Amino acid sequence: MANSNILMTYVQCNELTPINASLEVLSKAVELGKENGLEVVVLLIGKFDETTEKTCRDYGAAKIIEIEQETYNIQSYGEILVQLTEKYAPMAILSGATPEGKEIMAYASSKLDTAAITNVSEIRLQDGLEFTITLYGGAVLRDIVVNSEKTKFVVFNSGACKKLLAPVETAEIVKENFADAAKDLRTIIKESVTEIAESVNLEEAEIIVACGRGMATEEGMKLVKDLAELLGGVIGATRPVTESGLVARTQQVGQSGKIVSPKLYIGCGVSGAVQHVSGILGSDYIVAINKDEDAPIFDVADIGIVGDGMSILPMLMEEIKKAKA
Ligand SMILES: Cc1cc2nc3c(=O)[nH]c(=O)nc-3n(C[C@H](O)[C@H](O)[C@H](O)COP(=O)(O)OP(=O)(O)OC[C@H]3O[C@@H](n4cnc5c(N)ncnc54)[C@H](O)[C@@H]3O)c2cc1C
């Protein structure tokens with residue numbers, strides 16, 4: 001039975017660096033904690049050091065529970081969440097919607113026979129925790145409460161929360177050791193191979209220039225790539241473009257691709273189908289270039305440019321170069 005006022009946030013790291021999706025969720029937890037007098041606790045599982053702790057403190061972590069693990073494994077990480085829940089009975093454990101976050105939250109919630117709440121875009125505390133979840137790729141928002149006193153496992157959509165600096169001088173560090181969590185593993189990951197394109201991580205990118213079918217020629221792609229490079233950004237694409245093989249599948253944005261939250265998203269020749277748009281709504285600023293003035297992407301764009309991307313992109317790059325000079 002979860003009766004504590006503890007709100008835990010699972011912070012996933014890339015090497016030793018907390019990923020943006022986790023820091024966004026941590027910021028939301030810290031905000032909710034401040035408003036409601038909750039104790040926010042960061043969970044670091046795997047490998048970390050003082051730089052990892054410092055980043056967590058920068059985003060408001062005053063208490064960090066650390067559990068060292070050699071390698072990632074859904075079963076051992078999931079078991080750790082189970083044992084942490086049994087020991088601390090937090091009201092909820094929050095995570096970003098990364099593949100790792102999603103699978104270990106599902107593992108732990110099913111093992112504990114409690115609720116996993118996914119596709120979360122907002123969390124509130126009224127009489128109990130309340131959530132807004134997105135359905136049909138973001139077309140429908142639904143408010144839900146879960147009638148259970150047990151710990152809730154909550155998975156936030158990428159970009160649903162904003163990273164907010166809230167520096168804390170020192171944090172209480174608690175080292176836990178759940179050695180038996182890594183026993184009798186049913187699967188062992190022998191090797192992970194990262195696709196080269198994945199080194200350009202869309203979910204972490206601050207600027208994304210996306211190529212839609214309207215620019216999906218070799219010439220169009222070159223312009224999109226050049227613009228991305230000029231802005232220090234990363235290439236994204238719609239599904240037809242990744243399916244055509246012009247851009248790696250890892251760069252697909254949308255419902256069946258990545259949910260992104262850059263500072264700037266520029267869609268070039270992207271129509272704005274709901275399955276794509278649901279992946280970009282967390283962007284701070286959306287620019288759309290499309291030759292059809294009725295293209296749905298303009299409904300969500302902060303700036304819309306109606307015209308042929310093949311002539312607009314060169315002009316845009318010229319102006320950016322001048323401004324940079
Ligand atoms: C279950 C499901 C999941 C899906 N998941 C995804 C997903 O994750 N991501 C995704 O992107 N899609 C997804 N889709 C596909 C989605 O429905 C759309 O088909 C797709 O997003 C359209 O891609 P597009 O905008 O590149 O192409 P189009 O819809 O063909 O649009 C091309 C646009 O380019 C414009 N244009 C043409 N030439 C130019 C030019 N020279 N200059 C400027 N503009 C030009 C046109 O006016 C048009 O608006 C999914 C579909 C389904 C059914």
Side-chain angles (χ1 to χ4, degrees), residues 21 96-99 102 118-119 121 133-140 155 157-160 195 197-198 200-205 207-228 230-231 233-262 264-283 286-320:
T98 60
K102 284 194 273 194
T118 58
N119 299 331
S121 63
I133 61 167
T134 55
L135 300 169
Y136 307 111
V140 174
V155 181
N157 289 332
S158 295
E195 194 173 331
E198 189 63 34
V200 199
N201 190 342
L202 265 189
E203 286 139 318
E204 301 286 298
I207 298 177
I208 294 174
V209 184
C211 181
R213 187 148 44 188
M215 293 293 284
T217 57
E218 251 178 58
E219 216 186 334
M221 257 316 293
K222 178 165 179 349
L223 289 173
V224 173
K225 269 189 187 156
D226 288 348
L227 179 60
L230 185 64
L231 293 170
V234 164
I235 295 239
T238 60
R239 187 159 101 169
V241 179
T242 59
E243 279 175 348
S244 74
L246 257 179
V247 175
R249 172 75 179 77
T250 49
Q251 304 309 103
Q252 183 177 314
V253 174
Q255 183 185 319
S256 48
K258 306 261 172 73
I259 309 292
V260 298
S261 51
L264 173 64
Y265 163 96
I266 305 178
C268 310
V270 173
S271 61
V274 64
Q275 294 88 355
H276 183 79
V277 165
S278 61
I280 64 169
L281 290 177
S283 310
I286 297 177
V287 177
I289 302 165
N290 195 305
K291 66 180 185 186
D292 173 9
E293 64 180 35
D294 294 324
I297 186 107
F298 290 132
D299 296 341
V300 297
D302 296 287
I303 288 189
I305 304 172
V306 179
D308 184 348
M310 300 302 292
S311 50
I312 287 169
L313 259 55
M315 283 193 275
L316 195 59
M317 285 191 276
E318 250 341 282
E319 290 305 316
I320 295 169

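As the structure lists them, so they are numbered: ligands from 1, and atoms in each ligand from 1. Quick caveat: nothing in here was measured; it's all calculated off a predicted structure. Values below: all heavy atoms of this structure, side chains included; hydrogens, waters and symmetry mates excluded.
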| query | Going through the distances and angles, do Gln251 and Val234 end up as a side chain to side chain contact (heavy atoms under 4.5 Å, CB included)? | reply | CA-CA 9 Å; Gln251 304 309 103; Val234 164; 3.7 Å; yes
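For atom 42 (N) of ligand 1, the closest heavy atom belonging to the protein is Gly309 N, 2.8 Å. The shortest contact between atom 39 (C) of ligand 1 and any protein heavy atom is with Gly214 O, 3.4 Å. Looking at atom 41 (N) of ligand 1, its nearest protein heavy atom turns out to be Asp308 OD1, 2.8 Å. The protein non-hydrogen atom at the shortest distance from atom 8 (O) of ligand 1 is Ser256 N, 2.8 Å. Remark: minimum distance from atom 9 (N) of ligand 1 to any protein heavy atom is reached at Val253 O, 2.8 Å. Scanning the protein heavy atoms around atom 7 (C) of ligand 1, the nearest turns out to be Gln252 NE2, 3.2 Å.
Across all their heavy atoms, Leu202 and Val260 have their closest contact at O-CG1, 4.0 Å.
Between Ser278 and Thr134, every side-chain heavy-atom pair lies at or beyond the 4.5 Å cut-off. The shortest distance between side-chain heavy atoms of Ile266 and Ile289 falls below 4.5 Å. Residues Leu227 and Leu223 are not in side-chain contact: their nearest non-hydrogen atoms beyond the backbone lie 4.5 Å or more apart.
At distances below 3.5 Å, at least one donor-acceptor pair connects side-chain atoms of Asn290 with backbone N or O atoms of Val270. Distance alone, capped at 3.5 Å, is enough to place a donor-acceptor pair between the Lys258 side chain and the Thr250 backbone.
Look at Gly307 and you'll find a heavy atom under 4.0 Å from some atom of ligand 1. The closest approach between a heavy atom of Pro240 and any atom of ligand 1 is below 4.0 Å.
Judged as a salt bridge (Lys or Arg N to Asp or Glu O under 4.0 Å), and not counting sequence neighbours, Glu204 has no contacts.
Among the atoms of Gly257, some N or O lies under 3.5 angstrom from an N or O of ligand 1.
Distances from atom 16 (C) of ligand 1 to the heavy atoms of Glu293, His276, Gln275 show the closest one on Gln275. When the options Ile280, Leu313, Asn290 are ranked by their closest heavy atom to atom 35 (C) of ligand 1, first place goes to Asn290. Closest to atom 52 (C) of ligand 1 by heavy atom, among Arg239, Lys291, Arg213, Gln255, is Arg239. Between the choices Ala273, Ser278, Ala216, Gly269, the shortest heavy-atom distance to atom 32 (C) of ligand 1 belongs to Gly269.
Listed by first and then second residue, the salt bridge (charged side-chain N to carboxylate O under 4.0 Å, His left out) pairs that reach into residues 291-305 come to none, sequence neighbours excluded.
Close contacts of ligand 1 with Thr238, meaning ligand atoms under 4.0 Å from a residue heavy atom, involve 11 (O), 23 (O), 24 (P), 25 (O), 26 (O). Every atom of ligand 1 with a heavy atom of Gly212 under 4.0 Å away is listed here by number and element: 26 (O).
Atom CD of residue Gln252 and atom NE2 of residue His276 lie 9.0 Å apart, to the nearest 0.5 angstrom. In this structure, OG on Ser271 lies 7.5 Å from CD1 on Ile297, to the nearest 0.5 angstrom.
Contacts between Ile312 and ligand 1, counted as non-hydrogen atom pairs separated by less than 4.0 Å, are absent for every part of the residue. Contact annotation for Ser271 and ligand 1: heavy atoms of both the backbone and the side chain come within less than 4.0 Å of the ligand.
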